[in-house]
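This report refers to the structure that appears directly beneath it.
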Amino acid sequence: MKLFDTMTREVRELSPRDGKIFRFYCCGPTVYGPAHIGNFRTFVLQDVFRRTLELSGVKTFHVRNLTDVDDKTIRDSQADGRSLKEFTDFWGDRFHDDCAKLNLLPPHVEPSAVEHIPHQIEMIRDLMEKGHAYASEDGSVYYKVASFDHYGRLSRLDQRELREGASGAIADDEYEKDSASDFALWKARRDEDGINFWESPWGQGRPGWHLECSAMCREYLGDTFDLHSGGVDLVFPHHENEIAQSEACTGHHMADHWFHLTHLLVDGGKMSKSVGNFYTLSQLIGAGFSPAELRYALISANYRQPLNFVAKDTEGNETFPALLGARQALQRLAKFEGSLLVKSALAKMPDYESALQLRDTASFTAAFEALLNDLNTPDALGRIFTAIKSISIESLSVEEAARELRGFRLVIEALGLDLPASGGPVEEAPAEVVKLAAERWAAKQAKNWSDSDRLRDEIAAAGWEIKDTKEGYTLCPKS
RNA sequence: GGCGAGAUAGCCAAGUGGUAAGGCCGGGCUCUGCAAAAGCUCUAUCGCGGGUUCGAUUCCCGCUCUCGCCUCCA
């Protein structure tokens, strides 16, 4: 599999450095509120990445952290009147709910920052001994950026001219630092932190943000590992700082590959609460959409391109055209899958496990190859539909149908799409409606059109829709 | 101001130095008592101006516009 590497700015072949297991780290969420669909663009694409790698025959070891101690979690937990742990557990659970709904494979390890404070303290001590860090008078510890020669390589900082305070977020403790670019490894306890502080050789306080990832990467993946990933906004300063910490500490280069995901835009602009275009999975589900529909929308553009999530139609109404489109596309895929399943005479739909074992892409080879080629999800989707059009299910033998179904399922599993169940949900309708439907069918057979139409209207009034087929009919909830 | 990404049909979005995947929507057709569903099918010369080339949407230059980042946002 090939993937663009932020460090070298080129598409490079991936392979596990130990020849066996591809070990990678993804920066996880800060659990202080609901994750939004932009966060999930990153996590979903990382999931597609992992699935593609595994389905190509490579075993993986996936670590993704939870940031459960920082300014925001401490501030908001107190405002909420809950302990930091109660607060972050709550939002961590919500995050996991969303991940499950979106069909994300759970990471093999999901470390918590709070639980690795000793590891972080150890790393700080090491950095101080090696002359890369210094303590300030108030008991904070800072990383001395000037002490690390390679600083800025990832984000090409040497070619930049940083605009002072461009983010409007100059820390109030900056005067404690030797240089504006130095960053905190350990932050001294402040009154507003309340009971949220930990003991350290430099006094009470809490770890800085960047350090947790360095410490947990080292703990679970070692000094050097295969790939590190996160949203583009993390390139600088977060990942730059991680590299500085880890490499200065271990003396080894940190990751072989850097995988960054471009942001999601909503209606052409950045998502923000004040603009009112801030969406969460729960909100979209509440609006009647499925997680799979969101997942489809999120993979419909290349990960290196900004994706414009269209929430409002041309009249400015919040009708979510992007999700409506995804729904139609998903139904076509489900329909194809259902027909193929019937023709194949397989007892059950091939799943991720069976795809991992057989790895036969049949007519969907080009689609899977699109994923192997720098994770080109939109190209893969296009090739899936092209392949579907080229397949005439009626003319396939049972064996051919089974093979095509496995190929189709492999690519669908790589994308992690949870297709809507196909087939007639007749039995799910209330007995009343089923009875009316049977009566209508009888009337229709008798060519009693007026009764037939009247019964169809009654069924519609009950919220159900009749769809006639060649052999009979199906009942669907009215959309 | 610096760095970076990008401008492809009504919308979303791939791709290529030789006249542009796919999805949605819309149109047409088939099927059908009607309708729905389903299937088939139709719709672009690739932001603007130059240049290189036998030939550019694809390479180079300029312009316009959009978006992101610039110390704790995925």
Side-chain angles (χ1 to χ4, degrees), chain A residues 9 26-30 35-46 67 70-72 145 155-167 169-171 174 177 180-184 187 208-211 229-238 240-241 260-265 268-272 296-297 300-302 304-310 313-314 321-333 335 339 366-367 370 376-389 392 444 447-450 452-453 456 460 465-470 473-474 476 478:
Chain A
R9 314 270 162 149
C26 298
C27 288
T30 301
H36 56 67
I37 60 175
N39 297 315
F40 281 115
R41 180 187 189 194
T42 294
F43 299 130
V44 163
L45 265 300
Q46 287 167 340
T67 297
D70 79 322
D71 287 337
K72 292 187 290 280
V145 167
S155 58
R156 305 200 165 176
L157 200 61
D158 53 328
Q159 292 174 25
R160 289 176 178 230
E161 175 186 306
L162 292 184
R163 186 180 196 175
E164 205 167 312
S167 71
I170 290 186
E174 186 166 320
K177 297 195 265 184
S181 59
D182 289 352
F183 56 91
K187 299 178 115 173
W209 175 45
H210 311 297
L211 190 59
S229 176
V232 273
D233 54 313
L234 299 184
V235 173
F236 184 84
H238 186 56
E240 202 69 79
N241 291 169
H260 290 104
L261 298 107
T262 304
H263 281 176
L264 178 75
L265 302 178
K270 190 175 181 176
M271 188 166 22
S272 77
Y296 185 98
S300 66
N302 186 274
R304 279 205 276 154
Q305 232 52 63
L307 166 60
N308 188 22
F309 177 80
V310 181
D313 60 27
T314 44
L323 297 177
L324 254 12
R327 172 172 299 172
Q328 292 307 117
L330 246 18
Q331 276 170 2
R332 274 188 59 191
L333 295 174
K335 186 85 186 170
S339 304
N376 197 335
T377 50
D379 194 21
L381 287 172
R383 290 172 189 280
I384 287 173
F385 284 102
T386 302
I388 282 180
K389 269 203 257 187
S392 164
K444 180 178 166 159
K447 298 197 189 297
N448 185 345
W449 309 133
S450 59
S452 169
D453 290 349
R456 182 168 61 201
E465 196 170 11
I466 293 272
K467 290 177 184 174
D468 288 345
T469 64
K470 284 204 171 65
Y473 61 91
T474 59
C476 304
K478 210 170 172 189

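The sequence lines fix the lettering, A, B, ..., with proteins before strands; numbering per chain opens at 1.
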* Structure fact -> To the nearest angstrom, the NE2-P distance between A:H263 and B:rC73 comes to 11 Å
* Output the single nucleotide from B:rC24, B:rU71, B:rA35 whose closest atom is nearest the side chain of A:R456. => B:rA35
* To do: Quote, to the nearest angstrom, the C1' distance that separates B:rC48 from B:rU66.
  => 15 Å
* Asked: What closest approach, in Å, do A:L261 and A:S229 show between heavy atoms, and which atom pair accounts for it?
  -> CD1-OG, 3.5 Å
* Which part of the nucleic acid does A:L264 contact within heavy-atom distance under 4.0 Å: base, sugar-phosphate only, or nothing? -> base
* To do: Would you classify A:H36 as touching base, sugar-phosphate or nothing, given that sugar-phosphate means primed atoms plus P, OP1 and OP2, and contacts are heavy atoms under 4.0 Å?
  => base
* Rounded to whole angstrom units, what separation is found between the CG atom of A:N448 and the P atom of B:rC34? -> 16 Å
* Assign A:L261 to base, sugar-phosphate, or nothing according to its heavy-atom contacts below 4.0 angstrom with the strands shown. => nothing
* Asked: Taking the C1' atom of each, how far is B:rC65 from B:rA38, in whole Å?
  -> 44 Å
* Would you indicate which nucleotide in B:rC25, B:rC12, B:rG4 comes nearest to any side-chain atom of A:N308? => B:rC12
* Measuring from A:T262:OG1 to A:D233:CG, what's the distance to the nearest 0.5 Å? -> 10.5 Å
* Structure fact -> Testing B:rC34, B:rA36, B:rC73 for proximity to the side chain of A:K72, the answer is B:rC73
* Treat a base pair as Watson-Crick or G-U wobble with both distances under 3.5 Å, then lay out RNA chain B in dot-bracket form, 5' to 3', with | for cross-strand pairs. => (((((((..(((.........))).(((((.......)))))....(((((.......))))))))))))....
* **Side-chain donor/acceptor of A:E240 to backbone N/O of A:S155, under 3.5 Å** => yes
* Have a look at A:G38 and say if it touches a base, only the backbone sugar-phosphate, or nothing, with a 4.0 Å heavy-atom cut-off. => base
* Asked: When all nucleic acid strands are considered with a 4.0 Å heavy-atom cut-off, which category describes A:G382: base, sugar-phosphate, or nothing?
  -> base
* Asked: When you compare B:rU16 with B:rC59, how far apart are their C1' atoms, in angstrom units rounded to a whole number?
  -> 13 Å
* Heavy atoms only: give me the nearest A:W449-A:K444 pair and the separation to one decimal. => CZ3-O, 3.6 Å
* Asked: How is A:S452 classified with respect to the nucleic acid when contacts are heavy atoms under 4.0 Å: base, sugar-phosphate, or nothing?
  -> base
Identify every side-chain donor-acceptor pair in residues 381-389 of chain A under 3.5 Å, counting partners at least two apart or on other chains, and give the distances.
unit_1, atom_1, unit_2, atom_2, d
A:R383, NE, A:D379, OD1, 3.2
A:R383, NE, A:D379, OD2, 3.2
A:T386, OG1, A:G382, O, 2.9

* Spacing of A:I384 atom CD1 relative to B:rG22 atom P, expressed in whole Å -> 14 Å
* Asked: Would one find a side-chain N or O of A:K444 under 4.0 angstrom from OP1 or OP2 of B:rC34?
  -> no
* To do: Nearest whole angstrom, please: distance from the C1' of B:rC73 to the CG of A:N241.
  => 15 Å
* **Spacing of A:L333 atom CG relative to B:rA38 atom P, expressed in whole Å** => 12 Å
* Structure fact -> Looking only at heavy atoms, the pair that brings A:M271 and A:G38 closest together is CE-N, 3.5 Å
* To do: Write down the distance separating the C1' atoms in B:rU58 and B:rG15, rounded off to the nearest Å.
  => 9 Å
* Out of B:rC72, B:rA74, B:rC67, which has the shortest distance to the side chain of A:L265? -> B:rC67
* Structure fact -> When rounded to whole Å, the CG to C1' distance for the pair A:D313 and B:rC24 reads 13 Å
* Asked: In terms of ring plane angle, is the pair A:H238 and A:W209 parallel, tilted or perpendicular, where the classes change at 30° and 60°?
  -> parallel
* Looking at CZ of A:R41 and CG of A:L264, how far apart are the two atoms once the value is rounded to the nearest 0.5 Å? -> 6.5 Å
* Structure fact -> Paired with A:S300, the side-chain contact (heavy atoms from CB on, under 4.5 Å) test is passed by just one of A:L307, A:T377, A:N308, namely A:L307
* To do: Whole angstrom is fine here: how far is it from CZ in A:F236 over to P in B:rC73?
  => 13 Å
* Taking atom P in both B:rG23 and B:rG1, compute the distance separating them and give it to the nearest angstrom. => 43 Å
* Asked: With sugar-phosphate meaning primed atoms plus P, OP1 and OP2, does A:G268 contact a base, only sugar-phosphate, or nothing at under 4.0 Å between heavy atoms?
  -> sugar-phosphate
* To do: Give a yes or no on whether the backbone of A:K335 and the side-chain of A:S339 come within a donor-acceptor separation of less than 3.5 Å.
  => yes
* Asked: For the side chain of A:W209, counting heavy atoms from C-beta on, which of B:rA13, B:rC72, B:rC25 is nearest?
  -> B:rC72
* Asked: At under 4.0 Å between heavy atoms, what does A:A329 touch on the DNA or RNA strands: base, sugar-phosphate, or nothing?
  -> sugar-phosphate
* Which of these nucleotides, B:rG4, B:rC72, B:rA74, is closest to any side-chain atom of A:D233? -> B:rA74
* Asked: Nearest of B:rG23, B:rG4, B:rA74 to any side-chain atom of A:T30?
  -> B:rA74
* When the P atoms of B:rG18 and B:rC46 are considered, how many whole Å apart are they? -> 16 Å
* Would you please confirm or rule out a distance under 4.0 Å between OP1 or OP2 of B:rC69 and any side-chain N or O of A:K270? => yes
* **Phosphate OP1/OP2 of B:rC24: any A:R332 side-chain N/O under 4.0 Å** => yes
Protein-nucleotides 14-16 of chain B N/O pairs closer than 3.5 Å?
unit_1, atom_1, unit_2, atom_2, d
B:rA14, OP1, A:N302, N, 2.6
B:rA14, O3', A:N376, ND2, 3.0
B:rA14, O2', A:D379, OD1, 3.1
B:rG15, OP1, A:N376, ND2, 2.6

* Does A:S155 make a side-chain donor-acceptor contact with the base of B:rG4, cut-off 3.5 Å? -> no
* Structure fact -> Atom CZ of A:F309 and atom C1' of B:rC12 are separated, to the nearest Å, by 11 Å
* To do: Provide the closest heavy-atom pair for A:F43 versus A:C27 in the form atom of the first, atom of the second, distance.
  => CE2-O, 3.6 Å
* Expressed in whole Å, how much space separates the P atoms belonging to B:rC12 and B:rG49? -> 23 Å
* Using the P atoms only, state how far B:rG51 lies from B:rU57, rounded to an integer number of Å. => 13 Å
